[in-house]
Amino acid sequence: MQPDPAHVTESSESESRRRLLKAGACGICALCLARTGVSLAQPVMAESGLGLVRPRPAAWFEDTGTGQLRCQLCPWQCELSDGQTGRCKVRRNHEGQGQTLVHSNPVLVQEEPLERLPFFHVRPGSRTLAVSTAGCNMHCKFCEVWDMALVDPHEVHAYDMPPEQIIEQARMAGLTSISYAFGEPVVFYEYMVEVARKAKAEGMLNLLHTAAFIQPEPLEELAGLMDAVNVDLKSFDPAFYRDVVSGDMQPVLDALLRFRKAGVHIEITNVLIPGMNDDPAMIEKMCRWIRDEIGADTPVHFARFYPLYRLTNLPQTPVSVLDRARQIARDSGLNHVYVAKVTGHEGENTFCPGCGHKAISRLGFIVDQVDMVDGHCKHCDHHIPGRWN
Amino acid sequence: MAITRTPAHLGSVLMMGLVSQIAQVVMLRELLMLFHGNELSIGIILAAWMAWVGMGSAIGAWLAGRHERVLGVMAINAGLLLPVLIVSVLATRGLRGWFDVVPGAYLSLTDIMLSSVLVLAPVCLLVGMQFVLLAKLWRQHDQSETTSGAGKTYIGEAVGNIAGGVVFSLVLVHWLNAFQIVVMVGALVILAVLWAARSSTEFGDQVGRFGKRALLALLLVTGVGFVWLGPLDEFGHRLQWSQLAPGHELIEVRQSKHGNISVARIDDQLSFYRSGHLMFAAAGPETLHRHMEEQDAAVFAHFGLTQHPDPRRVLLIGGGLRGTLGEILQHPVERVDYVELDEVLTRAARDHLSPATLAALDSPRVNLIHGDGRLFVKSARQSWDVILVDVPDPATAVLNRYYTREFFAEARERLEPDGLLAIGAVSTPGLRGQGVANRNATLMHSLEREFDHVLPVGDRMLVYLAGKAGRALSTDPLELQQRFQQRDVHSDAFRAAQFHLLLEPGQLQRINWVLRHHGRSPAAHLEPPPSAPLRPPPVDEQRRIQADWPAVNEARFINSDFRPIAYFYSLLLWGDLTRSEQAEQLAGLMRVEPHWIAWPVVGVLLLMVVLRLFSRQALAAPERRLAVGLAVFSTGMATMAMQIALLFAFQSQYGFVYEMIGLIVALFMAGLATGTAIAQRWITDRANLTILARVQGLITLFALSIALLLPLSSQMPGGASIFVFFACLTFVSGLLNGVDFPLATEAFRAINQRAERSAGLVYGIELAGACMGAALASALVAPIMGIVACCVLAAMANGTAWAALMIARRSHAT
């Protein structure tokens, strides 16, 4: 039974004020706990500089036999002459050796609430250490981090942080997960895998947010290390992938299937851009595919587009479009459908598919209340999938 | 011997000026729609216009040299001009479809240049030809061998320009669409030619019977087809809209003196565009979740107002129509002064927006003022507790005025002792790009120059809060939450707990670190900002230790009316967003040093000396040609550079008042006409290089005096004195330019013995100089080096020309 959103309404004025105060109190508690954790930690010192690039040998290259190297990390399969860099700007052929230009030189190392990534079914209210480098193997025209990801690594400031320093940073801050997010983790594959191995050894979770434009073989290795993945499924229209994202849709769908097979917890994000990928029929097709191939319990986040990067002249997504997409998804049989980047929308909350009770209430990335026990709804004991511990 | 009867072709001369001005304005507005109102494109459009007109004048000179029946050639020109104008407007509307650019994306600089060059070529070539053809007609009328005909044509064109500008802005733009306007002026040109070709006139035999009948037939078809121009205009708008924002229904288009206002709808959301640029999206009467549609506005309003313990009087500049006004009124404020620039926009909003917004506009607590917000603050006598500046980014010189230290100082004076200012700007979560970091750090430092406490907050959008001494800004979400609740604010768009989201420590500390640090070295503007530490200190601590950091590089990171560097950085950001190589080129402009101008100056003068030493020719001496050409080029360049400086300064001091800008341009044209008339009438030996040199010297001194006087204009008391000051400077600038033209044409005629060729050459070279002046002044000199530097550039250009003429003139008696 799907909970009817119409029943989730504001009650009396005093009730709403009480809930407001409760929300504030819980949120404050969460933040205070986080801050306490932060203040106890001594920061790891890390050198940083403009164009901090220390090339290292990279895996996933093969010799074409014609004096070029073929990068085998992602479906572009860039064939690189000596000195040439791939489309992602961070992998190159250096005198016959394949190199990564971003190993141990992240541009972004910061603590974030998990809900911001977004992961709604993984340790609600906890914080993670997010890591990302420059570079990306796609080129979304609505990229929010274009000044970090869609640039040459020589053009941005980066830190010098080998994998062990990342782990140390997380441990000192009292964090129990590492996230490879905000940029495109596929392009810093070797760095990510090394950090992930160390994190796993420390008992930390490895969380990945990616567009999943990656070849099957490296994905198999990666899937074995990841605990949860949020995949940006940009659209279910190959033309959109080609024209707006500069990518290809099928490898992304294949990656989702492989993550599923590997047992990784999957969440999916779809940014809805008005007039470009918000066709109801296409959304329905996508949701049915997710239901059939990934599972009806897969959390799906429909995110609001805001005028960004190259699409600065389109208005933000109407909320009604997000509502419609959410309804289509629920009607298609998906159990956990969210609306992202609309603060205060009731689609930020987790509802139990069994009884409709609000199992987790949120405001943005603040978790207000968790009404679950060991991954089950407190009211009806219905299992809600996720990585809760 | 001069013939004093009214020349039959005078109407054609006036119509040439009229059609030139009106066609330019119409095409400018159409192209600005295509380019989303990007101000850099204005310089490119004008440069393309001048370049093609110059080329047209060269073609005109060639044609005039080959044909004696010049009016016949004019008839063909006029017959072609009318359909070309229609096709040019239509082509502009559909041009976006030719570029590989997705909806919502801006065109790159290359696309803008290509579009301008292609679309304007046919119109401008025809208009440029007309000048030289009509100059020959005048010479035939005067039965003269001199270039006096060109001088008179120059004057007539200027008069026509003035009339065209006034008629367009006061009448045509309000009543007719673009197609109707161009058809009307094209028909007037044809009528003027037919009038001049009457059999009773001196030119009656220059247009054959067939030609006259063809023109009449064209007029007839035009008259009959006029009724279809309305549907054609609507078709053009829909075509354009389908490429700009597919899926969005175009509801209506209104013409405003500030641009074209378009209202669009997708689902239950409304969006408002000005000249193709998105202003805001908002809720309509049918919008299901009004509060969530307008959430950004709500955040801005509540965050700003809760920073003040008890705001009673609020000033809101812009943004009220997107929901900010309604959210302000949720607080127990006594009065909100809301300044909105465009009355047409407000009327359009009233017809479409939600009842909540309309109720806010009609609230007795709201005082709605239509006018320029900057001027309102400058001339206000009251003070406020909170000033919210909700205007778009400083992506144009006009908008930049709300982000300068002069404005911040004016606002500070109008705030109560514990008052605060809030202003926003587009940003990125990491502030890593050079353009966005430079721009937003500049805004930070400019605010810190005038306010004691500045706090930036946000990620993809930054809100800057600025408080006077004694007004500490709070980073404590609990404190703000408490104030919000105590005021009993009932907003569906904003919850008290959202303060915790807005002031999340990690993001807050990072962006504060980047913005406070960036800009504190001589080369800071040439690199992206350094990374924040892995754990930056709290904001209060950053403020304390900031005093020990190196000083801000004020030349590069303080935005002012006289050095609008934030405007340049916004252009740089636009270059990044359009992902074109032009971003690197724009960034490269920042490396230009003022002393580099010495190289071309020295080079030219050395060349002059060498030519003089080795030249054996007399009148046709190459150094004479070069010196005269340089004088013409420099005058064109200097005049444009001074005009841009004057317009920038005028806008910042007087305010953006569209009719006044039109009047200023008309004053320039009047000065131009007056100067040419003075030279024609009072200077007999117009080929004398010494006299031409003296004019260059006068222009040099004039430019230097503007450089000294302009900074003083900010101290002038009121609007009237400022207007008179700028009007006089503009008139004199036009006058000196006007004196230069007939002297230069005669000097060239003395070299090559051909009147029309000389006129065409001078016209073309002057336009080329104006092109260069427009490009250099608006894209490089004014924003990066400052407005005063534009005047110094002008002085150097004409000073070089003066020196070159002084070298060349010694070759001969004249």
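Everything quoted here is computed from the prediction, not taken from an experiment. To find a chain, count down the sequence lines: A is the first, B the second, and so on, and within it residues start at 1.
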Nearest 0.5 Å, what's the [atom1]-[atom2] distance between [X] and [Y]?
| X | Y | atom1 | atom2 | result |
| --- | --- | --- | --- | --- |
| A/Leu108 | B/Leu534 | CG | CG | 10.0 Å |
| A/Gln110 | B/Arg510 | CD | CZ | 3.5 Å |
| B/Arg460 | A/Lys341 | CZ | NZ | 7.5 Å |
| A/Asp147 | B/Asp576 | CG | CG | 8.5 Å |
| B/His248 | A/Leu314 | NE2 | CG | 6.0 Å |
| B/Thr428 | A/Met148 | OG1 | CE | 10.0 Å |

At a 4.5 Å cut-off on heavy atoms, which part of [X] comes close to chain A: side chain, backbone, both, or neither?
| X | answer |
| --- | --- |
| B/Gln498 | both |
| B/Glu293 | both |
| B/Asp296 | side chain |
| B/Leu573 | side chain |
| B/Val436 | side chain |
| B/Ser271 | side chain |

For a 4.5 angstrom cut-off between non-hydrogen side-chain atoms, does [X] reach [Y]?
| X | Y | answer |
| --- | --- | --- |
| B/Phe494 | A/Thr343 | no |
| A/Phe365 | B/Glu504 | yes |
| A/Leu50 | B/Pro528 | yes |

Most chain A-contacting option - heavy-atom pairs closer than 4.5 Å, from B/Ala532, B/Ala245, B/Pro533, B/Gly247: B/Ala532

Heavy-atom pairs under 4.5 Å with chain A, option from B/Pro529, B/Ala283, B/Ala493 with the top count: B/Pro529

Most heavy-atom pairs under 4.5 angstrom with chain B, which of [options]?
| options | value |
| --- | --- |
| A/Thr317, A/Val107, A/Asp243 | A/Val107 |
| A/Gly364, A/Ser320, A/Pro113 | A/Ser320 |
| A/His139, A/Glu155, A/Glu144, A/Gln316 | A/Gln316 |
| A/Val151, A/Leu150, A/Val109, A/Leu308 | A/Leu150 |
| A/Leu363, A/Asp278, A/Val321 | A/Leu363 |

Short question: side chain of [X], backbone of [Y] - any donor-acceptor pair under 3.5 Å?
| X | Y | result |
| --- | --- | --- |
| B/Arg432 | A/Val156 | no |
| B/Gln269 | A/Val319 | no |
| B/Asp268 | A/Pro318 | no |
| A/Glu111 | B/Gly506 | no |
| B/Tyr273 | A/Asn313 | yes |

Considering all heavy atoms, the nearest A/Ile366-B/Ala497 contact: CD1-O, 3.9 Å

